[in-house]
Novice: 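Dropping a structure here in C-alpha cells format, bear with me for questions.
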Protein chains: 2
Amino acid sequence: MSSDDFRTIWLKPGDAGTVQIIDQRQLPHDFVIHDLAHWSDGVEAIRDMYVRGAPLIGATAAWSLYLAALHGQFPTEEVRKAAAALLESRPTAVNLRWAIDRVMRQAQDTPADDLAGVIRRDAEAICAEDVEICLGIGRAGLPLLEAIAERKDGGAVNVLTHCNAGALATINWGTATAPIYLAHQQGLDVHVWVDETRPRNQGTQLTAWELAQNGVPHTVIVDNAGGHLMQHGEVDIVITGTDRTTRSGDVANKIGTYLKALAANDNGIPFYVALPSTTIDWTTRDGIAEIPIEERNADEVTMSYGRVGDDRCAVRTVAEGTRVGNPAFDVTPARLVTGLITERGVCAASEEGLAGLFPEEAAG
Amino acid sequence: MSSDDFRTIWLKPGDAGTVQIIDQRQLPHDFVIHDLAHWSDGVEAIRDMYVRGAPLIGATAAWSLYLAALHGQFPTEEVRKAAAALLESRPTAVNLRWAIDRVMRQAQDTPADDLAGVIRRDAEAICAEDVEICLGIGRAGLPLLEAIAERKDGGAVNVLTHCNAGALATINWGTATAPIYLAHQQGLDVHVWVDETRPRNQGTQLTAWELAQNGVPHTVIVDNAGGHLMQHGEVDIVITGTDRTTRSGDVANKIGTYLKALAANDNGIPFYVALPSTTIDWTTRDGIAEIPIEERNADEVTMSYGRVGDDRCAVRTVAEGTRVGNPAFDVTPARLVTGLITERGVCAASEEGLAGLFPEEAAG
C-alpha cells in the first residue's frame with residue numbers, strides 16, 4: 001500500500017470525469033472504492049465521513065470543485081455553488097476552508113473554458129504537496145526509531161499510537177505513521193500498539209487496517225491498556241498526530257491522547273507528535289484554555305458498529321435514556337510532549353522550538 | 001434499589017430450595033431474575049458471569065454449597081463434589097476460595113441431616129457481613145463527599161468512577177459506590193461520571209444501570225474522556241474499587257485505572273480507592289513487579305455486545321486475524337493514591353496507613 005504510488009483519492013483510470021476514493025466507513029471489513037461523479041458526491045463523502053482526516057478532506061473538496069467546473073453548464077457559477085456547499089459539509093474542518101480558499105483564489109478570473117484544467121492542476125498540486133509533507137515528517141521521524149532499534153540491538157521497536165494519523169487521513173504515508181512506514185521499508189523491526197480509540201474506533205477500523213495492508217506488525221489494544229504496557233517496558237515510543245498545535249507546543253488531538261502522554265511521562269518513555277506545519281495555530285498559546293473542544297453526538301458512544309456475518313450492523317451498548325458526554329478531543333500540554341515531528345525536522349514542543357523551524361510564521 | 005433491603009442474591013420467597021440472582025449479562029437492557037435450583041446452576045452462574053465481583057462470587061459459592069447439602073441424596077459427599085466444581089469455575093477469584101474454605105471448615109463434622117441448616121446460616125452470615133463491610137466503607141467515605149459539597153456550596157459533587165465496584169459486585173451498596181449512595185440518601189447533590197470501561201463495558205452495563213435504579217444522576221463517558229474533564233474542573237474526586245491491594249498501598253484494579261490516577265494527580269484531584277480489607281494482600285509489597293496480570297480472551301476486544309431492537313447481538317469491530325492484546329488489570333502505584341477507604345476508616349495508601357487500621361494483619 002504506502003508504496004510511492006498509493007493514494008487515498010485519485011482520478012478514475014480512463015475517465016477523467018470521475019474521482020475515486022476509498023469508502024473508509026466500510027473498513028476494516030470491506031475495501032470499497034467509491035466514485036465521485038458529481039461535486040455533490042464530494043459533499044456527501046465529506047459530510048458522511050466516507051473520508052476524514054484534515055488533508056484528505058481538503059483534497060476531496062479541491063477535487064469536488066474540479067468536478068463542478070468540468071460538468072457544470074455554467075462552470076464559474078457551478079464552482080461557486082459547490083464551494084458554498086462544501087464549506088458547510090464539515091464546519092469545523094480547518095483544512096476544508098483552506099483548500100477551498102486556495103482553489104477559489106487560483107481560479108479567480110479564469111475563463112470558464114479553462115476552469116476545469118486550472119482547478120485540476122491545483123487539486124493535483126494539493127495532493128502532491130501533502131505527499132511531500134508527509135514524507136518530510138517520515139524522514140524527520142525515522143532517526144528516532146533507528147536510534148531505538150540500535151539501542152535495542154535487534155529487538156523490535158514498539159511504537160504506541162492513538163487514533164488514525166495514517167495514510168488514510170492524508171493522501172499517502174500519513175503523519176504519525178510516516179516514520180513507521182519508512183522504518184519498515186528499511187527493514188527495521190517495528191511493531192505498533194494500536195489504541196482502539198473509542199468512541200469511533202479509528203484505531204481498529206483504520207490504523208490496524210492500513211498497517212496490515214503494509215505488512216507492519218501490530219497489536220490492537222483497548223485505550224485503557226497503554227499505561228500498563230508502558231509500566232512493563234512494552235512501549236519504546238509514542239507517536240500520535242494532532243488536529244491543532246498552539247505556538248507554545250500544546251497539542252489538541254483525539255480524546256485520550258492526554259492520558260497516554262501522562263503515562264509516557266510517568267514511565268520515562270518519549271512522547272512525540274507528528275504534524276504538518278499547517279496544523280500549527282500561531283494565534284493561540286494556551287491550548288487548554290483557548291482551544292474549544294467539540295462535543296459530538298451521543299450515538300458515537302451508545303452504538304457500536306461492526307459486522308455480523310456479512311452484514312454491517314449497529315448494536316446499542318448503553319441503555320436508552322442514559323445521559324452521555326462525548327468530548328471529541330483533548331489537549332496535551334507541551335510539558336508532556338518530548339518533541340514535535342514536522343516536515344522541516346524535529347523540534348522541542350515550545351515557542352522557541354517551533355520558531356526555530358518556522359521563523360517566518362512565528363514572526364508573522 | 002440500594003435501600004436496606006436490596007440484595008444481589010437471595011432465597012426465593014416461599015421456596016427455600018431455590019436461590020435467586022440477577023442475570024447481570026442481560027443488563028442494562030433487561031432485568032432478569034435467574035433461579036439456582038441445583039448447585040451446578042451456581043457453577044454455571046459464576047463461570048458464565050451471570051454474577052461477577054469478588055464478594056458476590058463468594059456468596060454465590062456459599063449458597064451453591066447450601067443447595068448441594070439441601071438437595072443431595074448424600075449431603076456430605078454432594079457438598080464436597082460441589083466445592084471442587086465451584087473452585088474451578090473462576091480459578092483466579094480469591095474470594096471464591098475464601099468462601100468455600102470458610103463454609104467447608106464450618107460444615108466439618110456436621111451430621112448430614114444438619115448440613116443444609118449450618119451452611120445456610122453461614123451463607124446468610126457471609127452476606128450480612130459483606131453488607132456491613134460495604135456500609136462501613138460508605139460511612140468512612142461519606143465525609144469526603146460532604147467536605148467537597150460544603151466547599152462547593154451547593155454545587156454538585158462530581159465523582160468519576162471506573163468499572164463496577166457497585167452494589168452489583170457485592171451483596172448491596174458496593175465499595176466505591178457506597179459513599180455515593182449514602183451521600184445521595186442524605187440529599188447531597190452527587191453526580192457520577194461513569195467510565196464505559198472497555199473491553200467489557202462494566203461501566204455502561206452495570207454501574208450506569210445501578211446508579212439509574214437508585215436515582216443517582218450520572219453521565220456515561222468513554223474511558224478516553226476522563227483526563228479532559230479533569231483538566232476542565234469537571235471532576236471533584238475519583239473513587240474506584242480494587243481487586244488486590246499490596247501492603248504498601250499499590251492497587252490492582254480494572255485496566256485503565258492507572259491512567260485515571262495519573263490524570264487526577266496531574267490536576268490536583270483526590271484519587272481514592274474503596275476496599276474491603278479482605279482484598280489486602282499482606283504478602284506483596286511492589287504491585288507492579290509482583291502482581292501477575294491476567295491476559296483475557298481477544299473476543300472481549302473484537303466483539304461488541306449490545307441490542308438491536310429487542311434482540312441481543314454481538315458485532316465484530318476488529319478485522320478477523322488481527323492480533324489483540326487484552327490485559328485485564330493494571331496496577332496504580334501508592335504514590336498516586338490519595339487514600340484508601342476501608343470498612344475501618346480512611347487511611348494513607350502506605351504500609352503505615354494500612355498498619356494503623358489493621359495492626360493485627362500487618363503484624364501477622
Novice: What I want to find out is whether B:Asp195 reaches A:Arg198 closely enough, with some N-O distance under 4.0 Å, to be called a salt bridge.
Specialist: no
Novice: Locate the shortest heavy-atom distance separating B:Val222 from A:Pro199; write the atom from each residue and the value.
Specialist: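 Residues B:Val222 and A:Pro199, closest heavy atoms: CG1-CB, 3.8 Å.
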Novice: What part of B:Thr322 is in contact with chain A, defined as an atom under 4.5 angstrom from a non-hydrogen atom: side chain, backbone, both or neither?
Specialist: side chain
Novice: Taking the side chain as every heavy atom from C-beta outward, state whether B:Ile221 and A:Val301 have any pair of such atoms under 4.5 Å apart.
Specialist: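 Counting from C-beta outward, B:Ile221 and A:Val301 never come under 4.5 Å.
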Novice: Heavy atoms, side chains only, cut-off 4.5 Å: are A:Leu259 and B:Lys260 in contact?
Specialist: yes
Novice: Do B:Val308 and A:Cys313 come close enough that some side-chain heavy atom pair is under 4.5 Å?
Specialist: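 Yes, close enough: below the 4.5 Å cut-off.
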Novice: Report which part of B:Asn326 has an atom under 4.5 Å of a heavy atom belonging to chain A: side chain, backbone, both, or neither.
Specialist: neither
Novice: Give the intermediate values and the outcome of side chain to side chain contact (heavy atoms under 4.5 Å, CB included) for residues B:His228 and A:Tyr258.
Specialist: CA-CA 8 Å; B:His228 167 73; A:Tyr258 166 55; 5.9 Å; no
Novice: At a heavy-atom separation under 4.5 Å, does B:Ala263 approach chain A through its side chain, its backbone, both, or neither?
Specialist: both
Novice: Quick one: what part of A:Glu196 sits under 4.5 Å from any heavy atom of chain B, side chain, backbone, both or neither?
Specialist: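 For A:Glu196, the side chain is the part near chain B, not the backbone.
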Novice: Would you say that B:His191 contacts A:Arg323 through its side chain, given a criterion of any heavy-atom pair below 4.5 Å between the two side chains?
Specialist: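 They are in side-chain contact.
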Novice: Apply side chain to side chain contact (heavy atoms under 4.5 Å, CB included) to residues A:Arg316 and B:His29 and explain how you reach the verdict.
Specialist: CA-CA 9 Å; A:Arg316 169 172 280 279; B:His29 306 290; 4.0 Å; yes
Novice: Any non-hydrogen side-chain atom of A:Val315 less than 4.5 Å from a side-chain atom of B:Arg312?
Specialist: no
Novice: Strictly distance-based, threshold 3.5 Å: is any side-chain N or O of B:Gln231 a donor or acceptor partner for the main-chain N or O of A:Val331?
Specialist: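 Such a contact is found between B:Gln231 side chain and A:Val331 backbone.
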Novice: Could you walk me through whether A:His162 and B:Asn224 pass side chain to side chain contact (heavy atoms under 4.5 Å, CB included), step by step?
Specialist: CA-CA 11 Å; A:His162 191 69; B:Asn224 283 324; 3.6 Å; yes
